[in-house]
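Not measured: the values here are computed from a predicted model. Whatever order the structure lists ligands and atoms in, that order sets their numbers, starting from 1. Computed from heavy atoms alone, side chains included, the values below leave out hydrogens, waters and symmetry copies.
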Amino acid sequence: MSVPLLDLRAQHARIRDEVVSEMMRVVDDQAFILGAPVERLEKAVAELSHSRFAIGCANGTDAILLSLRALDVKTGDEVVTTPFTFFATAGAIHNVGARPVFADIDPDTFNISPRAAASAVTGKTKAVMPVDLFGQIAAVDAVRAAIPDLPIIEDAAQSIGASRKIGDRTYMAGEAATIGTFSFFPSKNLGGYGDGGMIVTQDEEIANRLKRLRVHGGMKTYYHDEVGYNSRLDALQAAVLLAKLPHLESWSAARRKNAEYYNAAFAGSPDIKTPYIDPANVSIYNQYTLRVRRRDALQEHLKSKGIGNSIYYPLPLHLQPCFAYLGYSEGDFPESERAAKEVISLPVYPELEQSQLDEVIEAVRQFYGN
Ligand SMILES: *Cc1c(COP(=O)(O)O)cnc(C)c1O
């Protein structure tokens, strides 16, 4: 027996007819670029995210890049973000010519520490970019309180549909920031059958600029106000996502249920720390990530038992060779470095069978002998 980390074929098998019929509508219409399916998806994601505007784009990395451009972030500017995230967060900052400035994480949530973020701000800082790691919304409200004058881009690639209580209101991923960015990479909770991304905002001016930037910087064909990109959401991907979106809530609930099952099984183990979810948050568990003792040996053991797992992320961004020019060194962000050595993610996808959950638990327990 074996349990994969993610089984997209199991998901596809359950929704095949809905997805294929949405896709075939696009094929039969022969209208592949933007158009009705993209607009319908934008409307649906804006609703889900309690946002006035949603703008589809080519992928989650471009969603960040376009957002930085829409805020005029450019050469000489700095953007404060976390070093414990997927590479794209900081790569996009670099690619608009700005400098990624890192701030350490909160060791419980793995998300950027608002206090550390505030200390990293200089006169050159143009924006702050918290990341909703593993499906849990970052403390965007605390970041805003600590740094009230700067726009916030929330990298919500892993958190679409997650929520966070702020005051007496419930905010959705992307809603509380100046701009929120999503990815529809196949392994995200709402994944396409290829690449895709989306940006949400409450700000009409930013929304209009984003719509221009994704089509070479002009609203009117062949007239260009600024140099933009070719970064449109593919209509076929929008069709797939329209078929999948109605399932998102139940899929995320199934992930939470799986996470709770693991939590109960691992509770009390001296070797395992189960995920901490801020009581204000409802996570969508894009990943179920433990902190463990003897992580590398556990990973070997799970591999030998055929249990899918992965390390998100093994090397914090301030230590990546491509960012050597930033001048950071080991020890600069101790919580991110410690997390990189201790985390391991286990299968949490919604279609997991009871027997598979038990197999994962049994393999972990066997390793620790408890
Ligand atoms: C997946 C991801 C991205 C990038 O999304 P793509 O669609 O793959 O470009 C950005 N940030 C985070 C945190 C991600 O997990």
Check your understanding: Which ligand 1 atoms are under 4.0 Å away from a heavy-atom of Asn59?
Key -> 7 (O), 9 (O)
Point to revise | Nearest option to atom 13 (C) of ligand 1, as decided by whichever heavy atom of Asp155, Leu133, Asp195 sits closest | key: Asp155
**Study point:** N/O separation below 3.5 Å, Gln158 to ligand 1
**Key:** yes
**Study point:** From CA spacing to verdict: ring pair (Phe, Tyr, Trp, His ring centres under 6.0 Å), Phe110, Tyr313
**Key:** CA-CA 11 Å; Phe110 299 116; Tyr313 296 93; over 10 Å; no
Exercise for review: Do me a favour and list the nearest non-hydrogen protein atom to atom 15 (O) of ligand 1 with residue, atom name and distance?
Suggested key: Lys188 NZ, 2.6 Å
**Study point:** Min N/O separation Gly60 to ligand 1 under 3.5 Å
**Key:** yes
Review point. Is there a nitrogen or oxygen of Ser183 sitting under 3.5 Å from a nitrogen or oxygen of ligand 1?
Key: yes
Exercise for review: Output the list of atoms in ligand 1 that are nearer than 4.0 Å to some heavy atom of Ala88, sorted by atom number.
Suggested key: 4 (C), 10 (C)
Review point. Side chains of His247 and Glu18: donor-acceptor distance under 3.5 Å anywhere?
Key: yes
Review point. Yes or no on salt bridge (charged side-chain N to carboxylate O under 4.0 Å, His left out) for Arg164 and Asp278, after CA distance, side-chain angles and deciding distance?
Key: CA-CA 9 Å; Arg164 176 173 176 82; Asp278 182 329; 3.2 Å; yes
Review point. Looking at CD of Glu300 and CG of Asn309, how far apart are the two atoms once the value is rounded to the nearest 0.5 Å?
Key: 9.0 Å
Point to revise | Protein heavy-atom partner closest to atom 8 (O) of ligand 1 - residue, atom, separation in Å | key: Phe185 CD1, 3.8 Å
Study note, to complete from the structure: Contact region, Thr85 to ligand 1, non-hydrogen atoms below 4.0 Å, reads side chain
Exercise for review: Can you measure from NE2 (His301) to CZ (Arg294) and round to the nearest 0.5 angstrom?
Suggested key: 10.0 Å
Practice item. Please identify which atoms of ligand 1 are closer than 4.0 Å to at least one heavy atom of Ala157. Key: 2 (C), 3 (C), 10 (C), 11 (N), 12 (C), 14 (C), 15 (O)
Point to revise | Distance-only side-chain donor-acceptor flag, Asn111 / Gln136, under 3.5 Å | key: no
Check your understanding: Do Asp141 and Arg169 meet the salt-bridge criterion of a basic N to acidic O distance under 4.0 Å?
Key -> no
Practice item. Check whether any side-chain N or O of Tyr368 sits under 3.5 Å from a backbone N or O of Arg293 as a donor-acceptor pair, and report yes or no. Key: yes
Study note, to complete from the structure: atom 4 (C) of ligand 1 has as its nearest protein heavy atom Thr61 OG1, 3.6 Å
Exercise for review: Any atoms of ligand 1 less than 4.0 Å from a non-hydrogen atom of Val131? List them with their elements.
Suggested key: 13 (C)
